[in-house]
Amino acid sequence: MKIVKKIFPFGAALLMTINFADARIGESKSQLESRLLTKLAGGALEYETKEFREREALELPYRDMLLVMPRDISHNFYFKRANDTRTVAGDVMNQSTFDGWEIHICYYKDTSVMEFYRRRGTSLIPEEVARLMELALKENVQWQNFKAVPPPPDAPKTEELDSYQKIFSLLPKTKNRIVYLDVPENVASLPEYKQSIPYKIISEEQRKAYETYRLKNPLSPVDRKKQAAEQEKKKADEQKKSGVAASKFKNTSNADEAAISYGEATSEMIGKSIKFPYTIPTELDSAFGYNFKLSDESVHLKMYSDALLFIDSRFDKILRDYLEKLYQDQIKEKDDFSIKSVSKF
């Protein structure tokens with residue numbers, strides 16, 4: 001793999017002139033962190049150690065795109081509980097017990113240009129998606145579905161909806177309607193309820209849940225925290241000796257649609273060089289692809305199975321231009337190589 005020392009010579013000037021000032025995308029690092037890392041209820045925690053930061057980076061669904069980021073880009077990683085209690089260090093010692101949000105913010109000169117929110121523990125729900133999208137709105141701007149489908153005949157008129165309802169109406173729908181079953185209050189309050197079949201069913205499922213929990217967590221909370229700390233220290237020591245191996249990390253996010261190739265696929269070349277193949281999206285103004293964009297085209301949104309990625313559209317276009325330049329250069333290299341390859345035939 002060639003190491004390019006001067007990245008984005010054509011995009012650097014544009015980056016210097018961009019005024020990133022759109023909703024949450026465009027916030028300064030100090031503004032964003034003063035809210036996110038508050039010591040009050042609901043505050044998040046920043047991953048500050050090298051080992052944690054590497055782990056988070058290697059688990060990103062767009063990990064390889066970090067290779068082509070321009071200069072003056074910095075990456076910060078955070079974790080926030082799903083409820084409104086303050087996040088503490090013990091929450092992130094063992095990823096299997098996560099219930100909250102993993103967050104990656106990409107800053108250009110301390111200004112947010114890309115924000116990734118991934119749900120851990122409980123599955124991401126449409127209501128959370130809509131609330132996140134609502135945070136990115138600004139005056140007289142709405143989200144647009146890039147691949148919009150006609151609304152159902154009985155759908156309320158757009159002008160009758162508030163900003164949250166407008167966003168929610170854009171999200172993909174399913175014919176299935178899921179609800180969590182619960183015993184009516186007037187049944188659960190009966191004196192004989194504990195001898196009833198509903199109570200037996202609930203008790204049996206609760207027993208199974210406790211057994212599963214004990215199998216996964218045989219130690220006391222104190223011992224689990226101590227064990228997790230020892231495991232992290234052991235892992236960190238091993239990584240310092242041998243370096244971080246990407247194969248040890250797992251990305252759980254999947255694009256919501258099958259990738260579509262753009263142009264010709266990059267051919268595999270025999271040799272020892274390291275290659276990072278990447279499919280250029282069909283969206284002509286994006287390096288990541290997107291499902292939604294703001295009506296003023298200032299922000300793109302890419303959906304994953306458990307996460308949302310917000311990108312400043314101008315930053316996205318700069319990355320796309322660089323991908324296109326790489327693509328054209330590599331087409332020429334392959335063409336030159338083919339001349340040598342078939343010579344004398």
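We're numbering straight along the sequence, starting at 1.
A salt bridge links D99 with R119: the closest approach of a Lys/Arg side-chain nitrogen to an acidic carboxylate oxygen falls below 4.0 angstrom. For the pair D321 and K325, the salt-bridge criterion is not met [side-chain N within less than 4.0 Å of a carboxylate O]. Comment: R207 engages E211 in a salt bridge, judged by a side-chain N to carboxylate O separation of less than 4.0 angstrom. Under the 4.0 Å criterion applied to side-chain N and carboxylate O atoms, R24 and E115 are not assigned as salt-bridge partners. A salt bridge is absent between R120 and D306: the closest approach of a Lys/Arg side-chain nitrogen to an acidic carboxylate oxygen does not fall below 4.0 angstrom. Comment: R53 does not engage E102 in a salt bridge, judged by the lack of any side-chain N to carboxylate O separation of less than 4.0 angstrom. Under the 4.0 Å criterion applied to side-chain N and carboxylate O atoms, D316 and R320 are not assigned as salt-bridge partners. Ion pair E54/K50 flagged as a salt bridge, since at least one NZ, NE, NH1 or NH2 atom sits closer than 4.0 Å to an Asp/Glu carboxylate oxygen.
By the side chain to side chain contact (heavy atoms under 4.5 Å, CB included) test, I339 is found to be paired with no residue, residues two or more places apart in sequence or in another chain being considered. Every residue two or more places apart in sequence or in another chain that forms a side chain to side chain contact (heavy atoms under 4.5 Å, CB included) with T38 is listed here: L40. Evaluation of the side chain to side chain contact (heavy atoms under 4.5 Å, CB included) rule for Q328 yields no partner, not counting sequence neighbours. By the side chain to side chain donor-acceptor pair (under 3.5 Å) test, E139 pairs with no residue at all, sequence neighbours left out. Scanning for side chain to side chain contact (heavy atoms under 4.5 Å, CB included) contacts around T85 gives R81, N83, with sequence neighbours left out.
One N or O on the side chain of Q31 and one on the backbone of S28 form a donor-acceptor pair closer than 3.5 Å. Although no hydrogens or angles enter the test, the distance criterion places no donor-acceptor pair under 3.5 Å between the side chain of S341 and the main chain of F337. Panel note: side chain S112, backbone Y107; no donor-acceptor pair is recorded below 3.5 Å.
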Stepwise salt bridge (charged side-chain N to carboxylate O under 4.0 Å, His left out) check, E128 with R131: CA-CA 5 Å; E128 289 172 322; R131 293 295 179 192; over 6 Å; no
From CA spacing to verdict: side chain to side chain contact (heavy atoms under 4.5 Å, CB included), F310, L135: CA-CA 11 Å; F310 297 87; L135 291 175; over 6 Å; no
CA sep, side-chain torsions, deciding dist, call: H75, E56, side chain to side chain contact (heavy atoms under 4.5 Å, CB included): CA-CA 10 Å; H75 302 281; E56 294 302 299; over 6 Å; no
N145 and K293: CA distance, side-chain angles, deciding distance, side chain to side chain contact (heavy atoms under 4.5 Å, CB included) verdict: CA-CA 7 Å; N145 191 333; K293 61 181 178 181; over 6 Å; no
Worked check of salt bridge (charged side-chain N to carboxylate O under 4.0 Å, His left out) between E51 and R55: CA-CA 6 Å; E51 291 74 27; R55 180 191 72 188; over 6 Å; no
Residues K340, D336; criterion salt bridge (charged side-chain N to carboxylate O under 4.0 Å, His left out); working and verdict: CA-CA 7 Å; K340 299 174 183 178; D336 292 344; over 6 Å; no
Side chain to side chain contact (heavy atoms under 4.5 Å, CB included) between M303 and F292, intermediate numbers included: CA-CA 8 Å; M303 308 284 289; F292 296 89; 4.0 Å; yes
Stepwise ring-ring contact (aromatic ring centres under 6.0 Å, His included) check, Y47 with F77: CA-CA 5 Å; Y47 291 100; F77 299 90; 7.2 Å; no
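Going from atom CG of D285 over to atom CZ of R314 covers 13.0 Å, rounded to the nearest 0.5 Å. Taking OG of S298 as the reference point, atom CD1 of I311 lies at 12.5 Å (rounded to 0.5 Å). For the atom pair D329 CG and E324 CD, the distance stands at 11.0 Å (nearest 0.5 Å). Taking OG of S295 as the start and CD of Q142 as the end, the distance is 6.5 Å to the nearest 0.5 Å. Annotation: the span from M65 atom CE to L309 atom CG amounts to 10.0 Å, rounded to 0.5 Å.
Nearest approach of T111 to G26, heavy atoms of both residues: CG2-O, 3.5 Å. For K80 against A44, the heavy-atom pair with the smallest separation is CB-CB, 3.7 Å. Residue W143 comes nearest to A136 through the heavy atom pair CZ2-CB, 3.7 Å, listed as atom of the first residue, atom of the second, then distance. Looking at every heavy atom in both residues, G289 comes nearest to K302 through O-CB, 3.5 Å. Closest approach of R118 and P61 over heavy atoms only: NH1-CD, 3.9 Å. When all heavy atoms of E46 and N76 are compared, the closest pair comes out as OE2-ND2, 2.7 Å.
Taking the side chain as every heavy atom from C-beta outward, L66 and M69 approach each other to under 4.5 Å. Looking at heavy atoms from C-beta onward, L37 lies in side-chain contact with Y78 at the 4.5 angstrom threshold. Residues I105 and Y117 form a side-chain contact, since some pair of their non-hydrogen atoms from C-beta on lies under 4.5 Å apart. Counting heavy atoms from C-beta outward, E283 and Y290 have side chains that approach closer than 4.5 Å. The side-chain heavy atoms of I103 and F79, taken from C-beta on, include no pair separated by under 4.5 Å. By the 4.5 Å heavy-atom criterion applied to side chains, L323 and Y327 are not counted as neighbours. When side chains are defined from C-beta on, C106 counts as touching V113, because their heavy atoms get closer than 4.5 Å. Side-chain contact check for R63 versus L58: some heavy-atom pair is nearer than 4.5 Å.
Sorted by first and then second residue, the ring pair (Phe, Tyr, Trp, His ring centres under 6.0 Å) pairs with a member in residues 118-142 form an empty list; sequence neighbours excluded.
Remark: the N291 side chain and the Y304 side chain contain no N/O donor-acceptor pair separated by less than 3.5 Å.
Taking the ring centroids of H104 and F116, they lie at or beyond the 6.0 Å cut-off.
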